[in-house]
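The chain is numbered in sequence order, starting from 1. None of these values were measured; they are calculated from a predicted model. Just so you know, ligand 1 is whichever comes first in the structure, and atom 1 is the first atom listed for that ligand.
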Amino acid sequence: MRSLTVLGATGSVGASTLDLVRREREQWRIVALTANCQAAELAALAREFSAEIAVVADESCLPDLRAALAGSGIETAGGTAALIAAAARPADLTLAAIVGCAGLAPTMAAIERGATVALANKEALVSAGAVMLAAVARHRTTLLPVDSEHNAIFQCLAGNDLAQVRSITLTASGGPFRDWSPAQLTKATPAQAVKHPNWNMGAKISVDSATMFNKGLELIEAHYLFPVGLERLRIVVHPQSVVHSMVEYRDGSTLAQLGPSDMRVPIASCLAWPGRMETPCAPLDLAKLGELTFRAADEERFPATALCRAAAEAGGAAPAVLNAANEIAVAAFLSGQIAFTRIAVMVAQVMSRYSPSAPASLDDVIALDHAARVQTRELLELA
Ligand code: NAD
Ligand code: MG
């Protein structure tokens, strides 16, 4: 039996994770389950999985959580400090699936315990970069990538030396607007943006897929996880989302990982790593799929990937500033405050006006993230 904590248990990745755990219930002991609020949902999961503790990050939701778990014997807690403390409880595996930089401090607490952390929360790695990787090395933590592309690359790299790699190609579905004209893009609505053609995901990452910031953030994520050099990292649009990414070796051999577009596949690979486990996903039927297509990304219509590459090249504080600006701009788009195409414009503006020094600690990253959010909100108000 292994112990598991799920940070962001009520989200899309959290639900996929718990769906797999439910099928092998006897093999897992659940330590902490967390959510931002969603007290009723979180309480139901905590009861079903007999969690040790259930935590809401938003303290105002704690009374509801307490009421929902009364008499269950399950501990409850609320607030940022409680979330971090829960993440620091011993567990063999932590699934880091909070959305946004809000997940950084709890993910770092899990990393500092030195067990295994399966990372879905890409914004945390993009913001903290070197600070997070230094903690991983210092605490001898095993960091497993959940993001389907990085999980694919991790599998394609297995047993090989990065020095043998000629290039790594991240595949991108291109999102719901991949064939839209610039004029159509300016009118894209939040409802259209969150309707991803291939994947069923949380609202923030769905908008990121539509702008291509998701792929850009993933480029930065890959740059940290697989340090082969930015010039060796590529992006190709692959609308079917069957090839999840590939690694080309210097002898001209390219290894790719294929699978259904269902996050339970990469999550299962992390839960069972270094072994394998069953998933309920339908096997790939390539004859039925017929063809797999690929095309270059269009950085004129979707400037996000170029902005992210520039942030990765600049290094230092740039990726954290970019991520914070994007989080605020996505929220402004989702609330109807700005047009879809302004997301990338705002990120570019914040990045050009604001370049703080490189963060050296977790506190630095959090302060930097906060300051970049303030800068972005100021720009929003000016508009
Ligand atoms: P989601 O919105 O469905 O769920 C997010 C979870 O985080 C929820 O449990 C929510 O309660 C919690 N949360 C939100 N704000 C919080 C805060 N301020 N403090 C603490 N907890 C908070 O998101 P998701 O789609 O599951 O994505 C989670 C992460 O995984 C993201 O970083 C995303 O980029 C990454 N990811 C998701 C997918 C996917 O298919 N959904 C694929 C790859 C990577
Ligand atoms: Mg991905």
Side-chain angles (χ1 to χ4, degrees), residues 5-19 32-42 45-46 54-61 65 77-84 86-87 95-107 109 118-127 144-154 170-175 194 196 198-209 212-222 225 235 238 241 243-245 257 259-267 270 323 326-327 330-331 334 366 369 373:
T5 282
V6 183
L7 304 173
T10 55
S12 159
V13 171
S16 294
T17 304
L18 291 171
D19 178 71
L33 296 180
T34 82
N36 188 35
C37 186
Q38 298 114 323
E41 261 178 274
L42 180 64
L45 292 172
V55 186
V56 279
D58 181 341
E59 218 168 341
S60 70
C61 305
L65 182 67
T80 305
L83 176 62
I84 295 169
L95 210 301
I98 292 173
V99 59
C101 198
L104 174 58
T107 300
L119 183 76
N121 184 195
K122 67 193 85 186
E123 299 91 347
L125 177 60
V126 166
S127 297
L144 301 175
V146 173
D147 214 346
S148 57
E149 297 75 6
H150 307 75
N151 189 269
I153 296 162
F154 183 73
L170 299 163
T171 53
S173 69
V194 299
H196 197 278
N198 305 353
W199 299 92
N200 184 3
M201 311 181 287
K204 194 267 177 180
I205 184 178
S206 296
V207 175
D208 283 347
S209 297
M212 292 288 280
F213 265 107
N214 183 50
K215 211 49 53 184
L217 295 174
E218 291 182 355
L219 185 87
I220 303 175
E221 185 184 9
L225 292 175
I235 292 169
H238 167 45
S241 298
V243 175
H244 296 301
S245 278
Q257 186 262 350
S261 40
D262 186 320
M263 282 305 291
R264 289 176 297 185
V265 176
I267 294 168
C270 293
N323 178 69
N326 182 53
E327 286 194 33
V330 168
L334 282 172
I366 290 170
D369 173 71
R373 281 164 198 269

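In this structure, Asp208 contributes its side chain and Phe213 its backbone to no donor-acceptor pair below 3.5 Å.
In terms of heavy-atom proximity, Ser127 sits nearest to Asn323 at OG-ND2, 3.2 Å. Contact detail for Gly79 and Glu59: the closest heavy-atom pair is N-CG, 3.9 Å. Between Arg373 and Cys101, the closest heavy-atom pair is NH2-CB, 3.6 Å. In terms of heavy-atom proximity, Ala82 sits nearest to Ala77 at CB-CB, 3.7 Å.
Here Glu327 contributes atom CD and Glu123 contributes atom CD; the two are 5.5 Å apart, rounded to the nearest 0.5 Å.
With hydrogens and angles left out, the side-chain atoms of His196 and Ser173 include a donor and acceptor closer than 3.5 Å.
Neighbours of the Mg ion (ligand 2) restricted to protein N, O or S atoms under 2.8 Å: the count is 3.
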For ligand 1, run through the N/O pairs with the protein that fall under 3.5 Å and put one pair on each line.
unit_1   : atom_1 : unit_2 : atom_2 : d
ligand 1 : 3 (O)  : Ser12  : N      : 2.9
ligand 1 : 9 (O)  : Gly8   : O      : 3.4
ligand 1 : 9 (O)  : Thr10  : N      : 3.3
ligand 1 : 9 (O)  : Thr10  : OG1    : 2.7
ligand 1 : 9 (O)  : Gly11  : N      : 3.1
ligand 1 : 11 (O) : Thr10  : OG1    : 3.3
ligand 1 : 11 (O) : Asn36  : N      : 2.8
ligand 1 : 11 (O) : Gln38  : OE1    : 2.9
ligand 1 : 25 (O) : Gly202 : N      : 2.9
ligand 1 : 26 (O) : Ser12  : N      : 3.1
ligand 1 : 26 (O) : Val13  : N      : 2.9
ligand 1 : 30 (O) : Ala120 : O      : 3.4
ligand 1 : 32 (O) : Glu123 : OE1    : 2.6
ligand 1 : 41 (N) : Ser12  : OG     : 3.2

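Residues Leu7 and Leu95 have side chains not in contact (no heavy-atom distance under 4.5 Å, counting atoms from C-beta outward).
For CG of Asp19, the number of neighbouring non-hydrogen atoms (other residues, nucleotides, ligands) closer than 6.0 Å is greater than 12.
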